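Working notes for the structure below.
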Amino acid sequence: MNFERFIELVTQSLGRNRRHFLLSGVGVVIGIATLFFFTSLGEGVRTTVLEDVFVIDQLEVVDPAAGAGLRGGGLFGGGGLNDRTVQRVEQVPGVDGVYPKMKLTFPSRASGGEALVGSDMGIEFIADGIPPEIVADDAQDNLEFRDHEAPRSCVDDGECPDGHTCNGGECAPITCSPAQQPSDSPCQGASYCHGERRQCALPIPLLISPYLLEVYNGSVHTALADSDGIGGNLPRLSEELLIGFEFDIIFGESFMGRTGGVDSRRERARLVGFSDRAMQLGATMPLEYVIRLNEAFSGEESAEYYHSLLVDAERNEDVALVAQHIEDELGLELSDRHQQAERAGLLILLLTLLFNLIALIILAVSAINITHTFTMMVMERRREIGLMRALGATKRQIQALVIGEATVVGFFAGLTGIAVGIGAGILVDTAFDNYVGEFPFKPNTLFSWSPWMFGLAIATAIFFCLLGAFLPARRAGGVDPAEALRGR
Amino acid sequence: MNLSASGLRRVYRTGDVTTEAISGVDVTIESGEFVAIVGASGSGKTTLLNTLSSLDTQFKGTVELGEHSLGELSESKLARLRQREIGFVFQAFNLLDHLTALENVTLPGFFGPLDNTDPRQRGLELLGRVGLGDRAESRPPQLSGGQKQRVAIARALFCEPSIIFCDEPTGSLDQSTGLSIMHLFDEINRDAGMTLVVVTHEPYIADMARRRIVIEDGTILEDKTQTPRWPSEDDPQDTSTPLNDETSDQESTEAAS
Ligand SMILES: Nc1ncnc2c1ncn2[C@@H]1O[C@H](COP(=O)(O)OP(=O)(O)OP(=O)(O)O)[C@@H](O)[C@H]1O
Ligand SMILES: [Mg+2]
């Protein structure tokens with residue numbers, strides 16, 4: 001049977017039994033809508049939770065001793081994370097790169113914020129350092145995320161950063177006086193005149209985690225919104241608003257205490273971007289700054305040990321294997337963020353599967369319903385089927401006709417189901433947006449609709465229709481023409 | 001294409017009851033014949049027609065159509081044979097009400113290859129030939145009984161079969177309409193040389209055939225050639241011109257259903 005003619009025949013038949021087909025498709029529509037709704041919901045929530053909250057594609061080796069405040073195991077070749085550990089982890093198959101992180105090991109505080117919130121505020125300053133190369137893309141400021149104090153060779157002034165000149169093949173800071181008006185100051189562009197050193201200097205570039213911003217906007221800002229005093233006037237912050245923001249850091253001095261024996265030092269810092277790699281509650285600067293500062297404020301030894309190592313896998317699929325290798329073979333500990341992420345992912349997956357199971361049950365019931373309706377239709381059409389057999393239709397062609405009808409029903413039921421699923425999603429999103437308050441990582445949409453879901457929904461709809469139509473089709477093929485055409 | 005049966009038996013089983021509807025029939029129908037099968041109700045006419053025409057293959061004995069032995073053909077070969085070589089016309093018309101007259105006529109074309117003819121073109125041509133050139137887009141419920149049977153005849157002719165089986169083709173029609181249908185059959189039989197096997201229990205129909213087979217209790221009681229006898233010209237119910245006549249307008253729709 002030629003395909004076009006076959007389609008024509010199926011269409012003719014569908015046109016006549018429209019009501020039957022509509023009725024038999026309803027269950028499939030509900031089932032597919034449910035399936036589509038929960039799959040896209042699960043996927044949407046999983047994406048938000050795993051990619052934004054837990055950042056699942058990133059492993060972090062932690063130093064168990066560091067958390068307990070017990071440093072020194074490293075002296076006997078044990079726990080500490082140093083350059084040798086970095087090398088060992090680099091050898092693990094599937095590892096693309098290992099990036100050490102070091103925290104500031106002495107108290108500091110930050111001061112500033114007038115430009116942003118209207119008055120200066122002081123706050124404990126917590127920071128760590130990471131190798132700039134892993135966050136190269138995250139700095140959005142002209143002041144890149146790099147160590148500005150590292151020696152830089154040059155041929156002429158143009159190659160040196162703001163506030164520096166080329167002196168004997170190396171960039172050197174220009175001398176200045178803090179008393180000078182900004183317009184007279186030799187410290188141009190991003191540089192400023194450092195009060196104690198009386199030299200132009202570039203602010204320490206900082207990255208902060210988008211998580212911090214989310215927590216601020218979602219909790220702190222919302223919670224304080226109606227309070228008296230400064231808290232009530234806090235603005236909602238955005239990445240654009242924050243980038244380029246400058247403030248002072250006083251190293252070696254904090255509200256909690258001071259470092260003994262070493263004078264505190266005031267440096268300017270500037271926010272240059274947001275990064276998932278940045279510390280979640282604090283700020284992140286290029287590693288070299290932290291090493292130098294730790295050496296200066298808490299001694300050489302504390303600058304040798306890293307607090308954690310970020311591990312990049314070559315491919316996302318390798319993450320689990322790499323994690324296993326690091327824990328079992330190297331005996332190192334991974335941050336529980338990885339486990340939490342896996343647990344959260346699993347939980348969401350299980351919930352999605354549970355709801356999809358419900359959808360599948362609905363679909364199975366509709367398949368049975370289709371079996372009933374189609375069987376009824378086949379009985380009603382016995383005479384017609386007998387006639388077709390008399391006119392030369394084979395059993396297979398009769399079966400194909402019923403199967404073809406089921407496919408069309410499945411296809412349109414699938415499409416309708418998708419439309420209903422998306423409609424329900426939009427409704428839920430709107431309600432969620434209007435009736436649920438701000439919270440950290442509140443997503444714009446709870447749903448994630450990807451092309452594979454559409455394909456899957458249609459395929460599932462057709463599958464269940466075919467499943468339901470299987471027996472009726474066989475029955476139709478088995479109609480005996482002599483019997484069916486007898487009498488009337 | 002010759003049709004022959006020998007030692008033909010057909011037994012129906014319903015629970016413990018067995019009915020031998022055909023009990024030993026030997027018959028040969030040659031290409032181009034016009035045969036009427038007559039007999040009392042329940043004598044086995046329909047059963048015989050079904051076994052001869054490949055609709056029913058649960059028989060004992062042999063039935064041969066041309067070089068094909070119907071009892072031995074595979075299901076798909078049988079379907080192919082029905083599509084190409086055999087036409088059917090039933091008492092109940094068996095048109096599909098959701099299709100137009102034209103779509104009904106072209107229905108056999110859905111189930112097998114057509115030799116390079118445009119199905120629509122051929123369907124229109126056949127509708128013209130049975131006098132319904134202007135009703136191509138009408139659906140069966142809008143047609144009278146006679147018109148329906150003409151559509152069914154056009155459908156039977158669609159694949160140019162070599163043999164046409166008719167089970168009481170005029171049984172649902174009044175006499176004058178039946179007569180015009182029979183004129184149409186006669187013409188097809190003469191012009192195209194198609195073999196015509198007509199089951200009927202109306203004597204005036206049986207008179208028109210050139211051979212008459214009488215069935216009683218599943219066996220052939222009588223089988224003889226005869227001179228066809230058509231109702232006389234002055235019969236008030238007779239319509240002399242079978243094609244493109246106006247009878248269809250006078251046919252009552254009640255007679256059709
Ligand atoms: N499907 C069946 N199951 C059992 N018995 C049947 C079946 N079909 C027909 N018969 C029996 O076979 C015999 C012949 O029936 P058939 O229909 O061939 O007669 P017929 O000559 O066509 O009668 P009519 O003129 O009434 O159409 C009858 O006794 C009938 O009861
Ligand atoms: Mg009969």
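Please read these numbers as outputs of a predicted model, since none were measured by experiment.
Taking 4.5 Å as the limit, some side-chain heavy atom of A:L387 sits within range of a side-chain heavy atom of B:R155. Residues B:D56 and A:E483 form no side-chain contact, since every pair of their non-hydrogen atoms from C-beta on lies 4.5 Å or further apart. Using a 4.5 Å cut-off on side-chain heavy atoms (C-beta onward), B:N50 and A:L485 make no contact.
In terms of heavy-atom pairs under 4.5 angstrom with chain B, the leader among A:A393, A:G15, A:P481 is A:A393. The greatest number of non-hydrogen atom pairs below 4.5 Å with chain A, out of B:P119, B:C159, B:A156, is found for B:P119. Options B:E103, B:Q83, B:R82 differ in how many heavy-atom pairs under 4.5 Å they form with chain A, and the most are formed by B:R82. If you tally non-hydrogen atom pairs under 4.5 Å between each of A:R381, A:M388, A:Q12 and chain B, the highest count goes to A:Q12.
The backbone N or O of B:L96 lies less than 3.5 Å from no partner atom in the side chain of A:E384, so there is not a single donor-acceptor pair.
With a 4.5 Å cut-off on non-hydrogen atoms, B:F165 does not touch chain A at all. In this structure, the portions of B:T47 lying under 4.5 Å from any heavy atom of chain A include both its backbone and its side chain. Heavy atoms of B:E168 lying under 4.5 Å from chain A are absent altogether.
Within 6.0 Å of CZ on A:R16 lie more than 12 heavy atoms contributed by other residues, nucleotides or ligands. Within 6.0 Å of atom CZ in A:R475, 12 or fewer heavy atoms from other residues, nucleotides or ligands are found, so the atom counts as exposed in its surroundings. Counting non-hydrogen atoms of neighbouring residues, nucleotides and ligands closer than 6.0 angstrom, the CG atom of B:D217 reaches no more than 12 such neighbours. For A:N434, the CG atom is densely surrounded, since the number of other residues' heavy atoms within 6.0 Å is greater than 12.
Applying the ring-ring contact (aromatic ring centres under 6.0 Å, His included) criterion to B:F185, with sequence neighbours excluded, gives no partner residue. With sequence neighbours left out, the salt bridge (Lys or Arg N to Asp or Glu O under 4.0 Å) criterion links B:R80 to no other residue.
Among all heavy-atom pairs drawn from A:A482 and B:L55, the shortest one is CB-O, 3.8 Å. Nearest approach of B:F111 to A:L9, heavy atoms of both residues: CE2-CD2, 3.9 Å. Residues B:T46 and A:R486 share a closest heavy-atom pair of CG2-NH2, 4.0 Å. When all heavy atoms are compared, the tightest approach of B:Q58 to A:D480 is OE1-OD2, 4.1 Å.
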Residues B:F90, A:R383; criterion side chain to side chain contact (heavy atoms under 4.5 Å, CB included); working and verdict:
CA-CA 12 Å; B:F90 307 92; A:R383 203 178 178 81; 5.8 Å; no

Show the numbers, then the answer: is there a side chain to side chain contact (heavy atoms under 4.5 Å, CB included) between B:F110 and A:Q397?
CA-CA 10 Å; B:F110 281 106; A:Q397 286 173 333; over 6 Å; no

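Using non-hydrogen atoms only and a strict 4.5 Å limit, no part of residues 20-46 of chain A faces chain B.
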In residues 461-471 of chain A, what donor-acceptor pairs under 3.5 Å come from side-chain atoms, sequence neighbours left out?
none

